[in-house]
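To start, the structure itself, in structure tokens.
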Amino acid sequence: MAAIGPDFISLQVRDLERSAAFYERHLGLARSKAGPPHAVVFDTHPVSFAVREPVPGTSFDTVPQPGEGVALWLRATDAQQLHDALAAIGTPITSAPFDGPFGRTFTFADPDGYRITIHDAV
């Protein structure tokens, strides 16, 4: 018996609709019709991605940065263009764009402070 790989990734967020709207409007993710009422699941491939209400007992007030120590990368069709659009609306860019082994790459902080790395489809 063994795990075979990632199947679903979700982020617990303070305000479900605010976070879902951010990912939908500014990253271009499309909402899936699937999912429970306490989450918004996006139609992403090959692994599903969602934002969800916090699990009982979770407190964002006790952590300096949600998800610290976890690296979440999303592939984009044009990382530089996405960077420029996010920067234009004041989204905190925590790592400026650079060219690396996964194409153009940068990191931003989402509305809850999660650090999300974007890279070009290569």
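Index from 1, following the sequence.
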Please check if the side chain of [X] supplies one atom and the backbone of [Y] the other of a donor-acceptor pair under 3.5 Å.
{"X": "D110", "Y": "Y114", "answer": "yes"}
{"X": "H119", "Y": "T105", "answer": "no"}
{"X": "D120", "Y": "A79", "answer": "yes"}
{"X": "R52", "Y": "A50", "answer": "no"}
{"X": "D78", "Y": "Q80", "answer": "yes"}
{"X": "T91", "Y": "L86", "answer": "yes"}

Does [X] belong to the same Ile/Leu/Val/Met/Phe/Trp/Tyr cluster as [Y], with side-chain heavy atoms less than 4.5 Å apart forming each link?
{"X": "V41", "Y": "L29", "value": "no"}
{"X": "F8", "Y": "V70", "value": "no"}
{"X": "F102", "Y": "F108", "value": "no"}

Ignoring hydrogens, what is the shortest heavy-atom contact between R31 and A21? Give both atom names and the distance.
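The answer is NH2-N, 4.0 Å.
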
Quick check on Q65: does its CD atom have over 12 non-hydrogen neighbours (other residues, nucleotides or ligands) under 6.0 Å away?
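Yes.
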
So with a 6.0 Å cut-off around CZ of R18, is the heavy-atom count from everything else above 12?
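Yes, because the 6.0 Å sphere around CZ of R18 holds more than 12 heavy atoms from other groups.
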
Distance in Å, [X] [atom1] paired with [Y] [atom2], rounded so as to fall on 0.5 Å steps:
{"X": "H45", "Y": "R75", "atom1": "NE2", "atom2": "CZ", "answer": "11.0 Å"}
{"X": "R25", "Y": "I89", "atom1": "CZ", "atom2": "CD1", "answer": "10.0 Å"}
{"X": "L82", "Y": "I118", "atom1": "CG", "atom2": "CD1", "answer": "5.0 Å"}

Residue pair [X] / [Y], side-chain heavy-atom distance below 4.5 Å:
{"X": "L72", "Y": "I9", "result": "yes"}
{"X": "F106", "Y": "T117", "result": "no"}
{"X": "F22", "Y": "L27", "result": "yes"}
{"X": "H38", "Y": "L16", "result": "no"}
{"X": "Q12", "Y": "E53", "result": "no"}
{"X": "I116", "Y": "L11", "result": "yes"}
{"X": "F60", "Y": "P54", "result": "yes"}
{"X": "F42", "Y": "S32", "result": "no"}

Determine, using ring centers only, whether F49 and Y23 are less than 6.0 Å apart.
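Between F49 and Y23, which both carry aromatic rings, the centre distance is below 6.0 Å.
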
Donor-acceptor side-chain pairing of S19 and D112 below 3.5 angstrom:
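Side-chain D/A pair, S19 to D112: present.
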
Would you say the side chains of T94 and T107 form a donor-acceptor pair under 3.5 Å?
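Absent: no donor and acceptor within the cut-off.
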
